[in-house]
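Notes for the one structure printed next.
A quick note: this is a predicted structure, and the numbers were derived from the prediction, not measured. A note on names: the letters A, B, ... follow the listed sequences, proteins ahead of strands, and every chain is numbered from 1.
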Number of protein chains: 2
Amino acid sequence: MTASPFNPLLRKLEGYTELSAPARAALTALAARPAYRVAARRDLIRRGATPAHVYLICDGWACRYKSLPDGRRQILDFLIPGDLCDLNIYILSRMDHSIGAITALDVVGIPREELQALADAHPQVTRALWWQALVSKSCSREWIVNVGARSARERIAHLLCEMFLRLESVGATDGCSCDFPLTQADLAEATGLTAVHVNRTLHRLRETGLIVLADRRLTIPDMAALKAAGLFNPDYLHLDRSEGH
Amino acid sequence: MTASPFNPLLRKLEGYTELSAPARAALTALAARPAYRVAARRDLIRRGATPAHVYLICDGWACRYKSLPDGRRQILDFLIPGDLCDLNIYILSRMDHSIGAITALDVVGIPREELQALADAHPQVTRALWWQALVSKSCSREWIVNVGARSARERIAHLLCEMFLRLESVGATDGCSCDFPLTQADLAEATGLTAVHVNRTLHRLRETGLIVLADRRLTIPDMAALKAAGLFNPDYLHLDRSEGH
DNA sequence: CGTTCAGTTGACCATGATCAAGAGTGGTGG
DNA sequence: CCACCACTCTTGATCATGGTCAACTGAACG
């Protein structure tokens, strides 16, 4: 259990909307329960399950994914500290995809009723959670564009931009660098490419100086250039608080 | 304005969850306002707009799409009768994509406050709307798999299965046939293929007897076979009411 | 030390893209 | 009413992006 596991969520929500002191305190208290640890590469939630908790990632990276009958896998999203697994607080439905740990994970499970009660008591929290749900939908749409319309180089550049900005929004970056635990196989499953082709594409991105990526650490010396290479437009992340009302 | 524009939405929501008589009446009344017509191939909502209404498609087909700076377009979803455009009833955020009419459209615009009031008054409605939002998220995820992990043949077969089942759930099919207004270019933009390749792939699907598609009309003689061809698993549509609680 | 896993590189291949041309259809305006 | 235009579908020829198969390196780990 980390010292203040909830910080990333608070930080993210406050990027979206203002939170009153009581709302903030309530959110902090909510997650002030023991985090538990999931080993790297293990599943946190399996397809077909009906989880009674909403999981909050406190530390580490996870991914949503779906498998096809013949073993092909598609990663649908990456989850980083501050992300909530599934906001099914109103409806208990069967998972149609799985969530797997990339790295070792610290997570807390929040009972649905408790989150619901909190949302009922604090309209600001409701709004912040809605915002988070809408943003995650918006991300899904952008991923469709990524795998459907962009070239290999653009896909990877775009994904790197997205992850860097998301990490930045929860304070998990360090200047123009960040930890980056994804393997090339992970990148392949997220972008709809093969690991071999990801390797070659990363090679070219490195060659042209757009990224420095080694030892699970990513540096983006010139973000504007990488954004251009990935046709990246950050609107869909809705990181700008002023957009809200 | 059609005779009972709201039927598709009611029918769809009742597929998800039970509605009390008053809830049903309120939903019907909500849409008992004049529908207006959008010409085929016109935009209903443009990227960057902040719509004050939630639009309900009463008749016709529309699509969500995003454009890249160089003109490439990716269709993100198709909207059919009974579909609500954007459930931003809590948060007014700027559209990060556009919605365009495929065919001529009959739509009604429901003021956000009114839908919100209805949801507040009828918890069943809230639940049904949440369900609809979660299902649409689930569809987005499946589309990522479609364009990211499936072959051309699989993508098209999958899309045809999805649309047919969705049409069936609002009563817009006729045995194993349905109206199908998409052009091959539309299919291409939805599947991340070129129109030429869609043409050839459809040709092969027709050749093997999996589909009959001509004159904007689709017939699926053997749904099980088409599902197999598209690696289609209908779970993600959450059409089964028993899944709810 | 042997094993496993991530990364790398080369050779070759195939799916699907691109370019191009023509047929059929429907709509529109002179 | 007909000529013209635009759009959709179709097909062929050729190309390229990215996939497949395979072998090797180095690091991590028991």
Angle between terminal axes - the helix from C/dC1-D/dG30 to C/dG30-D/dC1, 5 pairs each end, rounded to 10°
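End axes: 40° apart.
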D/dT10, OP1 or OP2 - any side-chain N/O from B/His203 closer than 4.0 Å?
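So the side chain of B/His203 is outside the cut-off, no N or O lying under 4.0 Å from OP1 or OP2 of D/dT10.
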What's B/Arg216 touching, base or sugar-phosphate or nothing? Going by heavy atoms closer than 4.0 Å.
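Here B/Arg216 touches the backbone only, sparing every base.
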For a quick check of understanding: with a heavy-atom distance under 4.0 Å over all strands, which category does B/Arg206 fall into, base, sugar-phosphate or nothing?
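Answer is sugar-phosphate: B/Arg206 comes under 4.0 Å of backbone atoms only.
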Judged by atom type as modelled, is there a donor-acceptor pair below 3.5 Å linking the side chain of [X] to the main-chain atoms of [Y]?
| X | Y | result |
| --- | --- | --- |
| A/Arg155 | A/Arg150 | yes |
| A/Arg141 | B/His97 | no |
| B/Gln74 | B/Glu189 | yes |
| B/Ser98 | B/Arg47 | yes |
| B/Thr103 | B/Trp61 | yes |

To the nearest 0.5 Å, what is the distance between CG on A/Asp77 and SG on A/Cys63?
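Spacing of CG (A/Asp77) from SG (A/Cys63) equals 9.0 Å.
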Spatial distance of atom CD1 (A/Ile99) from atom CG (A/Asp83) [nearest 0.5 Å]:
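Interatomic distance, A/Ile99 CD1 to A/Asp83 CG, rounded to 0.5 Å: 10.0 Å.
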Measure the distance from [atom1] on [X] to [atom2] on [N] and round it to the nearest whole Å.
| X | N | atom1 | atom2 | value |
| --- | --- | --- | --- | --- |
| A/Asp215 | C/dG7 | CG | C1' | 12 Å |
| B/Arg204 | D/dC9 | CZ | C1' | 15 Å |
| A/Leu193 | C/dT8 | CG | P | 16 Å |
| A/Arg72 | C/dT15 | CZ | P | 12 Å |
| A/Leu202 | D/dG18 | CG | C1' | 14 Å |
| B/Arg217 | D/dC9 | CZ | P | 17 Å |
| A/Arg41 | D/dA28 | CZ | C1' | 15 Å |
| B/Glu189 | C/dG16 | CD | P | 18 Å |

Does anything in residues 204-233 of chain B form a ring-ring contact (aromatic ring centres under 6.0 Å, His included)? List the pairs, not counting sequence neighbours.
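ring-ring contact (aromatic ring centres under 6.0 Å, His included) check on residues 204-233 of chain B returns B/His158-B/Phe232, B/Phe232-B/Tyr236.
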Looking only at the side chain of B/Asn199 (C-beta and beyond, no hydrogens), which of the listed nucleotides C/dA17, D/dG19, D/dT10 gets closest?
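The nucleotide sitting nearest to the side chain is D/dT10.
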Return the polar atom pairs (N/O with N/O) between nucleotides 13-17 of chain D and the protein under 3.5 Å, or none.
{"from": "D/dA13", "atom 1": "N6", "to": "B/Arg200", "atom 2": "NH2", "distance (Å)": "2.9"}

Between B/Arg217 and B/Asp179, is there a side-chain N and carboxylate O pair less than 4.0 Å apart?
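A salt bridge is present here (some side-chain N lies under 4.0 Å from a carboxylate O).
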Check A/Asp86 with B/Lys137, please: is the shortest side-chain N to carboxylate O separation under 4.0 Å?
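Salt bridge flag = no for A/Asp86 with B/Lys137.
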Which donor-acceptor pairs under 3.5 Å do the side chains of residues 208-216 of chain B make with protein atoms, sequence neighbours left out?
{"from": "B/Thr208", "atom 1": "OG1", "to": "B/Arg204", "atom 2": "O", "distance (Å)": "2.9"}
{"from": "B/Thr208", "atom 1": "OG1", "to": "B/Leu205", "atom 2": "O", "distance (Å)": "3.2"}

DNA chain D contacts among residues 176-187 of chain A, heavy-atom distance under 4.0 Å
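DNA chain D contact set from residues 176-187 of chain A: none.
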Excluding sequence neighbours, so at least two apart, what forms side-chain contact (heavy atoms from CB on, under 4.5 Å) with B/Thr173?
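By the side-chain contact (heavy atoms from CB on, under 4.5 Å) rule, B/Thr173 matches B/Phe164, B/Leu167, B/Glu168, B/Cys178.
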